[in-house]
Amino acid sequence: MHGVRSFYPQPPKGGYNSRGGIAAARCHTELVEVCGVEFSPNALAAPPAEAGLKGDNPHPTQAVIATPWRGLGVAVFLLFLLLPLTIFAQQECSNGVVVKNAFLELSKDQTQLQVSLIVDIANASVPSREALVLTPVVKTKEKTFEFPPIAVQGRNHSKVNERTQAFGGALSYKTPQLTIMSDEKENSQTRYVSLTKFEPWMKEAQLELCEETHGCAGCTANKKCYSLGENLIGEPVPNFITPKAEEVKNREKTGKAYLEFPAGESTILPKFRRNAKELSKISRAINLLSKDSNAIVTNISLRGYASPEDSYAWNNELSEKRTQALKRYLQRQLRYDDELFEVGSGGEDWEGLRKLVASSKLRDKRAILAIINSENKPDAKEQRLKRLKGGAVYRQLFTSYFPKLRRVDYALHHTIRAFTVEEGKEKIKTAPEQLSLNEMFLVANSYGAGTPEFNHVFEVAIKVFPKDTTANINVAAVAISKKDFKTAHRHLDAYADVPEAWNNLGALYMLEKKYPKAEEFLTKAKEQGTAEQAEGNLILLGKWKKKK
């Protein structure tokens with residue numbers, strides 16, 4: 001595992017150099033002017049112990065504040081008694097640079113705001129003549145504050161900057177607080193910490209990371225900013241799971257056609273009773289699918305069922321013949337090859353009859369269900385039903401319930417092509433069932449976390465994929481952000497054994513002030529590494545418990 005270097009503002013020893021000395025002096029000056037805090041000459045500001053991030057120095061130096069109180073001498077205090085606000089998942093920047101464990105902290109007296117993050121260059125490849133400049137930003141629609149930047153430099157770019165500054169020249173970007181050489185991989189992770197005066201508008205601010213590339217022709221025009229999250233003040237952060245992309249998007253549309261036949265016959269008669277309506281229903285579904293340029297029909301499955309009158313063997317044969325007749329009818333209408341169809345027979349539908357009776361208000365419901373659920377063979381069950389109440393019950397079932405069992409279930413199997421994010425934005429409104437969960441996730445992210453459009457996508461996703469684990473965990477995250485605890489529990493409680501759900505369960509129990517349960521789930525999430533937000537939520541939980 002790579003080590004973590006800690007970089008904190010301090011007066012440089014033995015002069016200034018390109019490794020950040022000038023920036024350190026500037027930051028030191030700003031701390032005195034902006035924050036009203038003075039460091040001792042040899043002190044470093046160490047991060048909070050709860051942050052869980054250790055530097056290479058086994059004896060970190062405490063920060064000290066010079067105190068004017070007489071008779072006390074020099075009092076030693078922790079610079080910040082900080083309230084962690086949130087921790088976010090890692091952000092991949094250009095050239096393989098990764099920023100992770102970014103979090104904001106507010107001083108106990110709520111006068112200072114500090115940002116902390118780790119820059120990981122383990123897989124970075126910044127060109128030698130270039131520098132990737134990263135700037136943490138807190139912003140609302142009306143206001144923005146930029147923290148001092150971080151520069152990940154190539155070797156030649158660093159030398160050019162040294163010469164420029166030696167001759168009094170200015171860099172093409174603000175002097176960085178932290179400078180990292182892209183090719184120095186020994187300690188690939190470096191901690192960045194910076195602070196500023198806290199202002200009330202920052203309570204509603206979001207944390208962003210902006211990047212610019214310097215040293216190449218015209219490259220600074222392509223400025224990018226990444227959202228690192230929201231809910232900055234004192235709220236646990238739920239996590240969203242990125243769904244796996246589907247290599248092939250297989251879908252099916254299902255339905256039922258209730259066809260009527262003359263007694264004992266299996267020929268399709270389109271004009272017989274309600275057959276025209278039922279046949280048009282299935283034909284219309286297939287036609288709509290076949291005309292959809294985004295879909296390719298791969299299989300049409302037909303499965304016929306019969307009601308229990310007459311013998312079980314005869315009904316099995318009759319239901320199969322009637323299903324084959326429907327297949328031939330559809331082939332003539334749609335001109336599909338024989339290989340596209342899959343035909344099966346379900347025979348007498350006793351399970352369907354059981355469900356109909358169970359949901360009915362029949363006076364003899366209990367007696368009827370006892371016969372249906374018995375171990376008797378189908379023909380024996382039918383004879384027992386005929387004898388019940390002198391045949392009156394059977395006649396009622398024959399008239400009102402048996403017709404609902406004579407049907408053909410159909411399933412239209414098809415594949416759907418992949419969609420771009422812009423296409424997905426339209427599909428989420430018109431045909432969300434054609435999108436994969438991964439495509440929906442990308443559409444949501446294009447709107448920005450926490451926006452109404454972002455939340456809406458996950459609420460649509462759960463309607464399309466109601467039994468999917470990822471869809472349930474993600475829509476629960478939306479509910480947590482809205483403090484809709486009832487909805488969050490409805491989607492999370494069934495997944496208490498799923499590691500990816502643990503952070504969200506912990507966040508939910510935190511908000512409900514059920515701290516032991518919150519700690520249980522957040523600790524498991526942190527130990528298993530299933531959500532990077534778990535560590536920050538645990539820190540916040542510790543602060544909440546102290547304030548009880």
With a 6.0 Å cut-off (strictly less than), is the heavy-atom count around [atom1] of [X], excluding the residue itself, greater than 12?
{"X": "Glu453", "atom1": "CD", "value": "yes"}
{"X": "Asn123", "atom1": "CG", "value": "no"}
{"X": "Asp497", "atom1": "CG", "value": "no"}

Any carboxylate oxygen within less than 4.0 angstrom of a Lys/Arg side-chain nitrogen, looking at [X] and [Y]?
{"X": "Glu309", "Y": "Arg406", "result": "yes"}
{"X": "Glu527", "Y": "Lys524", "result": "no"}
{"X": "Lys381", "Y": "Glu348", "result": "no"}
{"X": "Lys321", "Y": "Glu317", "result": "yes"}
{"X": "Arg407", "Y": "Asp409", "result": "yes"}

Could you tell me whether Lys514 sits above the aromatic face of Tyr509, with NZ or CZ closer than 6.0 angstrom to the six-membered ring centre and within 45 degrees of the axis?
-> no

Between Tyr447 and Lys425, is there a cation-pi geometry (under 6.0 Å to ring centre, at most 45° from the normal)?
-> yes

Any pair counted as salt bridge (charged side-chain N to carboxylate O under 4.0 Å, His left out), so long as it reaches residues 430-447, sequence neighbours left out |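 The answer is Lys249-Glu439.
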
Donor-acceptor pairs are to be reported for all side-chain atoms of residues 456-470 against protein atoms at under 3.5 Å, with residues two or more places apart or in another chain.
unit_1: Glu459; atom_1: OE2; unit_2: Lys482; atom_2: NZ; d: 2.7
unit_1: Asp468; atom_1: OD1; unit_2: Thr470; atom_2: N; d: 2.9
unit_1: Asp468; atom_1: OD1; unit_2: Ala471; atom_2: N; d: 3.0

Of all residues at least two apart in sequence or in a different chain, which pass the ring pair (Phe, Tyr, Trp, His ring centres under 6.0 Å) check with Tyr312?
->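 Checked Tyr312 against ring pair (Phe, Tyr, Trp, His ring centres under 6.0 Å); zero matches.
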
With a 4.5 Å limit on heavy-atom distance, are the side chains of Arg251 and Ser436 in contact?
-> yes

Would you please indicate yes or no on a ring centroid separation below 6.0 angstrom for Phe341 and Tyr410?
-> no

